[in-house]
Engineer: 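Here's a structure for you.
Here the structure is a predicted model, which is why all the values come from computation and not from measurement. Hydrogens, waters and symmetry mates play no part in the numbers below; they use all other heavy atoms, side chains included. A note on names: the letters A, B, ... follow the listed sequences, proteins ahead of strands, and every chain is numbered from 1.
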Amino acid sequence: MDEGFFERAYNVVRQIPCGRVATYGQIAAMMGEPRKARYVGFAMHASPGVAGGVPCHRVVFADGSLAPGFAFGGPGAQRAMLEDEGVAFTPSGRVDMRRCRWEAL
DNA sequence: CTTATGACTATGA
DNA sequence: TTCATAGCCATAA
């Protein structure tokens with residue numbers, strides 16, 4: 001893996017404003033390589049976390065679901081953080097993409 | 001060259 | 001709406 005890819009991924013994720021979420025494919029697309037959504041996920045896995053300036057909790061699946069089993073803090077922690085930032089959730093436990101999906105300016 | 005794997009996505013039942 | 005499957009890219013065996 002090219003570390004530059006990680007840097008670019010973090011650089012994009014860092015731009016996600018509070019109360020918004022972005023999908024892996026969306027971030028990958030902003031990096032110029034829309035087919036590497038999986039690598040974006042890997043970058044998030046290896047991200048320094050919110051303290052490092054990378055709000056990886058704001059990165060979700062295309063359908064609004066979160067990463068099960070790999071959440072940092074424990075199950076429901078990611079959701080709790082998003083809710084705390086004002087992100088709306090559906091009764092099904094998924095992010096309300098229609099309202100909270102982040103769009104590049 | 002063929003398989004296998006993975007914080008993904010799209011499609012079909 | 002949910003679950004299952006196939007396609008996707010890069011790396012490793």
Engineer: Apply side chain to side chain contact (heavy atoms under 4.5 Å, CB included) to A/R20 and A/R99, showing your working.
Structural biologist: CA-CA 8 Å; A/R20 299 270 176 197; A/R99 234 167 40 102; over 6 Å; no
Engineer: Who else is in A/F89's hydrophobic cluster (ILVMFWY, side-chain heavy atoms under 4.5 Å, direct or via others)?
Structural biologist: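 Other cluster members: A/V21, A/V60, A/L66, A/L82, A/V87, A/V95, A/M97.
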Engineer: Reading DNA chain B in the 5' to 3' direction, which nucleotide is the first one with an atom under 4.0 Å from a heavy atom of chain A, and which is the last?
Structural biologist: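 Result: B/dG6 to B/dA10.
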Engineer: Any pair with a residue in residues 48-59 of chain A that passes salt bridge (Lys or Arg N to Asp or Glu O under 4.0 Å), sequence neighbours left out, goes on the list, sorted by first then second residue, please.
Structural biologist: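 Residue pairs with at least one partner in residues 48-59 of chain A: A/R58-A/E85.
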Engineer: Let me check I have this right: for DNA chain B, each base becomes ., (, ), [, ] or |, based on Watson-Crick or G-U pairs with both distances under 3.5 Å. What is the full string?
Structural biologist: .|||||.||||||
Engineer: Within this structure, what is the CZ-SG distance for the pair A/R14 and A/C56, rounded to the nearest 0.5 Å?
Structural biologist: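 Output value for this atom pair is 12.0 Å.
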Engineer: Using a cutoff of under 3.5 Å, can you pull out all pairs of nitrogen or oxygen atoms linking the protein to nucleotides 5-9 of chain C, with atom names and distances?
Structural biologist:
from	atom 1	to	atom 2	distance (Å)
C/dC8	O2	A/R38	NH1	2.9
C/dC8	N3	A/R38	NH1	3.1
C/dC9	O2	A/Y39	OH	3.2

Engineer: In whole angstrom, give me the gap between the C1' atoms of B/dA7 and C/dA13.
Structural biologist: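 Pairwise C1' distance, B/dA7 against C/dA13, rounds to 24 Å.
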Engineer: Heavy atoms only: give me the nearest A/A43-A/F6 pair and the separation to one decimal.
Structural biologist: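 Shortest heavy-atom contact: CA-CE2, 3.5 Å.
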Engineer: Under the rule for side chain to side chain contact (heavy atoms under 4.5 Å, CB included), what residues qualify as partners of A/A22, not counting sequence neighbours?
Structural biologist: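 Per chain and number, A/A22 pairs via side chain to side chain contact (heavy atoms under 4.5 Å, CB included) with A/I16, A/Q26, A/I27, A/W102.
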Engineer: With sequence neighbours excluded, tell me which residues meet side-chain hydrogen bond (donor to acceptor under 3.5 Å, both in side chains) with A/D96.
Structural biologist: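 In terms of side-chain hydrogen bond (donor to acceptor under 3.5 Å, both in side chains), with neighbours along the sequence ignored, A/D96 is linked to no residue.
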Engineer: Run the side chain to side chain contact (heavy atoms under 4.5 Å, CB included) test against A/P48 and tell me which residues pass, sequence neighbours left out.
Structural biologist: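 Once residues adjacent in sequence are excluded, the partners of A/P48 under the side chain to side chain contact (heavy atoms under 4.5 Å, CB included) criterion are A/Y10, A/V54.
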Engineer: Kindly write out the residues that satisfy salt bridge (Lys or Arg N to Asp or Glu O under 4.0 Å) with A/E83, not counting sequence neighbours, or none if the list is empty.
Structural biologist: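 In terms of salt bridge (Lys or Arg N to Asp or Glu O under 4.0 Å), with neighbours along the sequence ignored, A/E83 is linked to A/R79.
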Engineer: Just grab all the ring pair (Phe, Tyr, Trp, His ring centres under 6.0 Å) pairs involving residues 47-72 of chain A, residues at least two apart or on different chains.
Structural biologist: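 Ring pair (Phe, Tyr, Trp, His ring centres under 6.0 Å) check on residues 47-72 of chain A returns A/Y24-A/F61, A/H45-A/F70.
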Engineer: Can you check the A/F42 CZ to C/dA12 P distance for me, whole Å?
Structural biologist: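 Interatomic distance, CZ of A/F42 to P of C/dA12: 11 Å.
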Engineer: In residues 58-73 of chain A, which ones come under 4.0 Å of DNA chain B, going by heavy atoms?
Structural biologist: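 Of all residues in residues 58-73 of chain A, the ones placing a heavy atom under 4.0 Å from DNA chain B are A/F61, A/A62, A/A67, A/F70.
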Engineer: Does some side-chain heavy atom of A/T23 sit less than 4.5 Å from a side-chain heavy atom of A/V59?
Structural biologist: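 With C-beta onward as the side chain, the pair stays apart.
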Engineer: With a 4.5 Å cut-off on side-chain heavy-atom distances among I, L, V, M, F, W and Y, is there a chain of contacts connecting A/V13 to A/F5?
Structural biologist: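 They do share one cluster, since a chain of ILVMFWY contacts under 4.5 Å joins A/V13 to A/F5.
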Engineer: Taking side-chain hydrogen bond (donor to acceptor under 3.5 Å, both in side chains) as the definition, give me every residue that meets it alongside A/T90, ordered by chain and number, with sequence neighbours left out.
Structural biologist: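 Here no residue qualifies.
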